[in-house]
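This report concerns only the one structure given below.
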Amino acid sequence: MLAELQIDDLVLIEAARLEFAPGLNVITGETGAGKSLLAQAIGLLMGQKGGDDLIRPGAERALVQALFEPGAGGEQREDDAVGAEALAADRAETLAVARELPRGGRSRARRDGLLSSAGAVEEALRERLAFYGQLEHTRLLQLERQLDLLDGFAPAEIGPLATAYTEAYRHAQALSRELDELRTAGRERERERDMLRFQVDEIDTAQLEPGEDERLALERERLRHAGKLLERVGGAVALLAGEGEHAALDAVRVAQRLIGEAAALDESLGGAAARLDALTAELDDTSAALRAYLEDLDVDPAHRDALETRYDRVRALRRKYGASADEVLAYADEARVRLARLEEFEANEEALAGAAEKARAAAVAAAGRLTAARAAAAPVFASRVAEELRQLAMPHARFEVRVTPRPAPARGRSDPEAADASSTPAATEEPSDTAWAVLGPRGADDVEFFFGANPGMPLRPLRDTASGGELSRVMLTIRGMVTLGDDVETLIFDEVDAGIGGVTAAALGERLATLAERRQIVCITHLPQVAAYAGRQYSIVKVSDAKADTTRTEVRLVEGDERLAELCRMLGASPDDAAARRHAEGLLKRARAAPG
């Protein structure tokens, strides 16, 4: 809750420190005393612009500080709806914020003593407080907030349907996004599939064999030197076993025969004879092998050309798919596996499209049930609000809640809520596209409050018609009827009592006190009937010094007799007026005796 507000050198306020209590706090004072300065101080913390005109004359800067402490007034935290637990954890920490306006310089914002942006401070404050009055209407005027309030009016009827819709919508959105990604990548997959088919076909057509590149390289090298090989190997064969008189094999055979005969005469030559036998056999085998080599040595130009063609083809495959024939064949195997997977996508896409369409249909149906529940609750809610407003000095007030279909996003324009839903190809091909395209995270509905304060005038959107006081009373009425899990802890009302008096003023005070049982309320008021219900009251007093030619505004906590005196002043009498004091005492007594 808002524990403390400190203001230094803001217009006429030299220094003021207000300590707020749980429940209802009121700020009172004579017209022109400066009650609006407190609203202005809150506005500065909420990010409103400020200049040198807000700095007290003679001061170098204006400073507004606020301290929030854990623990809102009343029973709010126990009765909140689902979602309050996480927010309560954030609010469990003390928060200190400040806004400084240096003369002639740029304003500075601080959060917990550290420099921060005004936007970040405003965001932190909007989780803690809402300000309704001349300077701040945006929270109630946000259409998303108006939908929240309608749903919060009938949580038992709308809540389960909203939860069911959210689950259905998120499921459908996830499937649609997955299908979108699958289809978006379709062209790329088709290109990859065509490429893989070509590659596998190219390798298969070549009928490449393992190790073929190495064998081709050896044969090609041999054919390149066929002439020299023919000359040299042929010469070697002629020397070994030629028909000339110098053939080595013939000479060895003669030597073999001579030594064999000699060994028969001398056994010691047996070893030499055996070696010559072996040498003769080896030379004979070598000669036969060389002859066979010569017979296999193909010097046919046609064969050589065919070999070169094959070699070039294998080399081309190696350049594309691997460093060797084995690697090329391994690549072909991998490509076949990838190709098989890609060809499965078509079947997968068809199944996913069916699941996505079914999920979208379920989300559309859930949205229809949610719309029906909202449409049923809207007139009841509007009737209750109008009746309450008539009791708060707005006898001609009319209030209407309109539940209308969300517009479909225009082609080529991104809808921030339905972009995921409408961007998928499925959302342009199926019959239920129109119904699905309008869905958003909250359903198929736009909810807006319409208001009329005067008879004979047409109803217009609340954001276009209500004055500060009217809007404050509308908000007060709705707050008394609706409790939301994400509600702020502190409500600040300014001008909520504009145009109110008499019995209506007492009714307003009682409503504020009732609302303060669930959250902290700070109300700037001129009505004693409202002030009497407060648990804590501050008075704004303007003090002028003619001799010093100065005027300043003071903020004083009023208690006991001082509070009675302030209520007498608000009643238009002096503190010494016995009748006024009895009236003031009666107001306090009635307030204390009020239910709750």
Side-chain angles (χ1 to χ4, degrees), residues 130-155 157-158 370-407 442-484 487 491 493-512 514-515 521 523 525-527 529-530:
F131 183 32
Y132 303 101
Q134 274 185 321
L135 302 177
E136 169 61 64
H137 297 156
T138 57
R139 191 165 178 82
L140 175 59
L141 300 183
Q142 294 169 352
L143 297 187
E144 188 73 11
R145 189 61 173 173
Q146 293 179 10
L147 187 150
D148 287 339
L149 292 168
L150 174 61
D151 287 358
F153 172 71
E157 295 79 11
I158 297 178
L370 181 57
T371 296
R374 286 169 174 163
V380 181
F381 182 39
S383 177
R384 288 271 305 276
V385 172
E387 178 61 29
E388 291 287 331
L389 290 176
R390 284 191 283 272
Q391 296 181 32
L392 294 177
M394 299 178 70
H396 305 293
R398 290 173 297 151
F399 190 81
E400 184 176 310
V401 180
R402 295 183 183 176
V403 181
T404 57
R406 297 178 77 247
R442 305 295 302 279
D445 315 311
D446 279 341
V447 171
E448 184 163 11
F449 296 167
F450 282 71
F451 176 75
N454 303 307
M457 298 299 292
L459 290 176
R460 296 182 60 196
L462 181 65
R463 53 195 163 97
D464 297 334
T465 58
S467 66
E470 291 169 343
L471 185 62
S472 293
R473 273 176 271 178
V474 171
M475 191 67 252
L476 173 61
T477 296
I478 294 175
R479 286 293 191 177
M481 296 161 48
V482 179
T483 297
L484 298 177
D487 270 349
L491 304 179
F493 290 100
D494 184 22
E495 288 195 340
V496 70
D497 53 8
I500 289 180
V503 176
T504 305
L508 173 62
E510 185 173 342
R511 279 167 174 75
L512 284 168
T514 300
L515 185 59
I521 305 293
C523 181
T525 182
H526 69 278
L527 294 176
Q529 295 93 331
V530 172

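With contacts defined as side-chain heavy-atom distances shorter than 4.5 Å, the pair Arg442/Arg406 does not qualify. Within the 4.5 Å cutoff, the side chain of Val474 has no heavy atoms near those of the Phe449 side chain. Contact annotation: the side chain of Arg374 never approaches that of Val401 to less than 4.5 Å [non-hydrogen atoms, C-beta and beyond]. For the pair Phe493 and Leu515, the minimum side-chain heavy-atom distance is below 4.5 Å. Contact annotation: the side chain of Ile478 approaches that of Phe381 to within less than 4.5 Å [non-hydrogen atoms, C-beta and beyond].
At a cut-off of 3.5 Å, with distance as the only test, no side-chain donor of Asp446 or Thr404 sits close to an acceptor on the other residue.
Listed here is the closest heavy atom pair of Ala386 and Ala397: CB-O, 4.2 Å. Here the shortest heavy-atom pairing between Cys523 and Leu512 reads SG-CD1, 3.9 Å. Pairing each heavy atom of Val403 with each of Ala378, the nearest pair is CG2-CB, 4.0 Å.
Interatomic distance, Glu388 CD to Arg511 CZ, rounded to the nearest 0.5 Å: 4.5 Å. Of the inter-residue distances, the one linking Phe399 atom CZ with Arg390 atom CZ reads 12.0 Å to the nearest 0.5 angstrom. Atoms CD1 and CG, on Ile158 and Leu150 in that order, are 4.5 Å from each other to the nearest 0.5 Å.
Judged by distance alone, the side chain of Ser383 and the main-chain N or O of Pro379 form no donor-acceptor pair under 3.5 Å.
Between Arg402 and Glu400, at least one side-chain nitrogen of the basic residue sits less than 4.0 Å from a carboxylate oxygen of the acidic one, meeting the salt-bridge criterion.
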Can you give the donor-acceptor pairs under 3.5 Å from side chains of residues 451-459 to other protein atoms, not counting sequence neighbours?
none

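The side-chain hydrogen bond (donor to acceptor under 3.5 Å, both in side chains) test applied to Thr525 returns Asp497, not counting sequence neighbours. Applying the side-chain hydrogen bond (donor to acceptor under 3.5 Å, both in side chains) test to Arg384 and every residue at least two apart in sequence or in another chain returns nothing.
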